[in-house]
Amino acid sequence: MNILVIGSGGREHAIIWKLKQSNNIEKIFCIPGNGGISKIAECIDRNILDFKYISEFVIKNKIDITIVGPELPLSEGIVDYFKEKNLNIFGPDKKSSQLESSKIFAKRFMSKYNIPTASFEVFDNYEEAKKYLQSPISNLQSFVIKADGLASGKGVFVCDSKKDAEDAVKKVLVDKMFGTAGEKIIIEEKLTGQEASLMALCDGKTILPLIPSQDHKRIFDDDKGPNTGGMGAYAPARILDESTAKKIIFDNFLRGIKEESLNFKGVIYAGIMLTDKGISVLEFNVRFGDPETQVVFPLLKTDLAELVSAVVDGKLNNYKIDWGKGSCISVVLSAGGYPGKYEKGKEIFGLDSIDDAIVFHAGTKFENGGYLTSGGRVLSVSAVDSTLKGAISKVYKNVEKINFEGMHFRRDIAAKGLFHE
Ligand code: AMP
Ligand code: GLY
């Protein structure tokens, strides 16, 4: 089987790393890929929204399945484009992708199908939103303001006063800081609790959850500083009870996509908050998480190429997923200044001395025999051990061997998980 993976992050490196272990694979291509991926797959430097080029490339290279990593090509309709041309693709179509690309669509879907989520109201008018914030609504003081559309993870404001909430509403609806992605907003009740991520494979009829994981979204230790794409993760996250989560999230999700006639063949990712009242879904993503994939796949024993084919062919009901014992942790090494402004082109040292860990590349390129930084999140170092404590120690020993100018990483990844060992 020949496979094309679309994307350029640590997530795509982990997908390809796992596919390489399959006996069924002949060739793997990646558009556009990165420095590390170029060592294990053929990378083609093209725009991931150039569907015409990509589909022609797929036909020319006899690619059996295309796997879409990031959300943007999905929300722009790559799956619909491929379907018209009768090409196999792993990912939901444009309409279903609204579960990630429109927070309003996702919240209404959750409410309609009894998936627990924070209470919310929708607004497209600043004055009305302000009036709502000033009204004595359930005595709330804390709110979360969310731009409806995709905003590269920056469209959510967690506000601890009405004044902050009003400022956030103004930034989105009046100053239009997210352009059309912020034409509508959600004002949501602020919840408190630990967060966890649960991804599941779905072929439209059957849903198979992967193991739960926990991301660390803030840039600094102790969950301080601004939100990032994710600074590290570990799995399994024992804080989440999978069978309860499956019942109240994914069984209802499956009922919803059937009733709404949504064509969903791919991954559904639930961002969950564990509140004192139980599980609440903060968001859906319609793709693998990053860095969650870098901790889930090193523990996956089942052949990934087979699972992906089963999703595309609608045969997931024939499968059970097997997992290795132990824990996996991944620490993201980021460029100095990320998630704000950062520099690129810094030489990366120490990659040859890695021992008993996996380095997944994200923002790197290979040039003149060496690796240079080319993005905000540069590398994800993953390690597996029979205990979480052992995995933490293994990963940090390896992280210390890597170096590039400005390198930053969190030193407390997975510390939360030690309470549950
Ligand atoms: P989202 O993109 O909806 O997952 O939001 C990004 C982040 O904002 C989440 O990972 C949470 O940390 C935070 N967040 C989102 N919704 C809420 C909420 N209702 N209450 C508290 N925090 C939230
Ligand atoms: N790690 C969060 C995400 O993939 O959206």
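When a ligand or atom number is given, it counts from 1 through the structure's own listing order.
Side-chain rings of Phe253 and Phe264 approach one another, their centers coming within less than 6.0 Å. Taking the six-membered ring for Trp and the full ring otherwise, Phe157 and Phe143 have centroids separated by 6.0 Å or more. Less than 6.0 angstrom separates the ring centroid of Trp17 from the ring centroid of Phe360.
The nearest heavy-atom contact from the protein to atom 13 (C) of ligand 1 is Val158 CG2, 4.0 Å. Considering only non-hydrogen protein atoms, atom 18 (C) of ligand 1 sits nearest to Val144 CG2, 3.5 Å. At the shortest separation from atom 22 (N) of ligand 1 among protein heavy atoms lies Met273 CE, 4.0 Å. For atom 11 (C) of ligand 1, the nearest protein heavy atom (residue, atom name, distance) is Glu195 OE2, 3.1 Å. In this structure, the protein non-hydrogen atom closest to atom 5 (O) of ligand 1 is Val156 CG2, 3.5 Å. Of the protein's non-hydrogen atoms, Leu282 CD2, 3.6 Å is the one closest to atom 17 (C) of ligand 1.
Taking any N or O of Asn227, backbone or side chain, none lies under 3.5 Å from an N or O belonging to ligand 1. Checked against a 3.5 angstrom limit, the closest N/O atoms of Leu191 and ligand 1 fall inside it.
Using a distance-only test at 3.5 Å, with no hydrogens or angles considered, a donor-acceptor pair links the side chain of Lys265 to the main chain of Val312.
No more than 12 heavy atoms of other residues, nucleotides or ligands sit less than 6.0 Å from atom NZ of Lys184.
Listed by chain and number, Asp215, Gly229, Tyr269, Asn285, Arg287, Gly289, Asp290, Pro291, Glu292 each place a non-hydrogen atom less than 4.0 angstrom from ligand 2.
Here atom 4 (O) of ligand 1 lies nearest to Glu283 when heavy atoms of Lys217, Glu283, Lys190 are compared.
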Worksheet item: What's the verdict on ring pair (Phe, Tyr, Trp, His ring centres under 6.0 Å) for Tyr371 and His361, showing C-alpha distance, side-chain angles and the deciding distance?
Response: CA-CA 10 Å; Tyr371 292 100; His361 288 231; 4.7 Å; yes
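Residues forming a ring pair (Phe, Tyr, Trp, His ring centres under 6.0 Å) with His216 (at least two apart in sequence, or on another chain): none. For Asn34, there are no side-chain hydrogen bond (donor to acceptor under 3.5 Å, both in side chains) partners at least two apart in sequence or on another chain.
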May I have the list of side-chain donor-acceptor pairs in residues 123-130 shorter than 3.5 Å, sequence neighbours left out?
from: Asn125; atom 1: OD1; to: Glu127; atom 2: N; distance (Å): 2.9
from: Asn125; atom 1: OD1; to: Glu128; atom 2: N; distance (Å): 2.9

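Those atoms of ligand 1 that come under 4.0 Å of a heavy atom in Glu188, given as number and element, are 16 (N), 17 (C), 18 (C), 19 (N). Close approach of ligand 1 to Lys103 is summarised as follows: ligand atoms under 4.0 Å from at least one heavy atom of the residue are 1 (P), 2 (O), 3 (O). Atom numbering of ligand 1 starts at 1 in the shown order; those under 4.0 Å from a heavy atom of Lys146 are 3 (O), 15 (C), 16 (N).
Cation-pi geometry between Arg11 and Phe288 is not met at under 6.0 angstrom from the ring centre and within 45 degrees of the axis. Stacking of Lys39 on the aromatic ring of Phe366 is recorded, both the 6.0 Å distance cut-off and the 45° axial limit being met.
Side chains of Phe120 and Glu189 form no contact here, defined as non-hydrogen atoms less than 4.5 Å apart.
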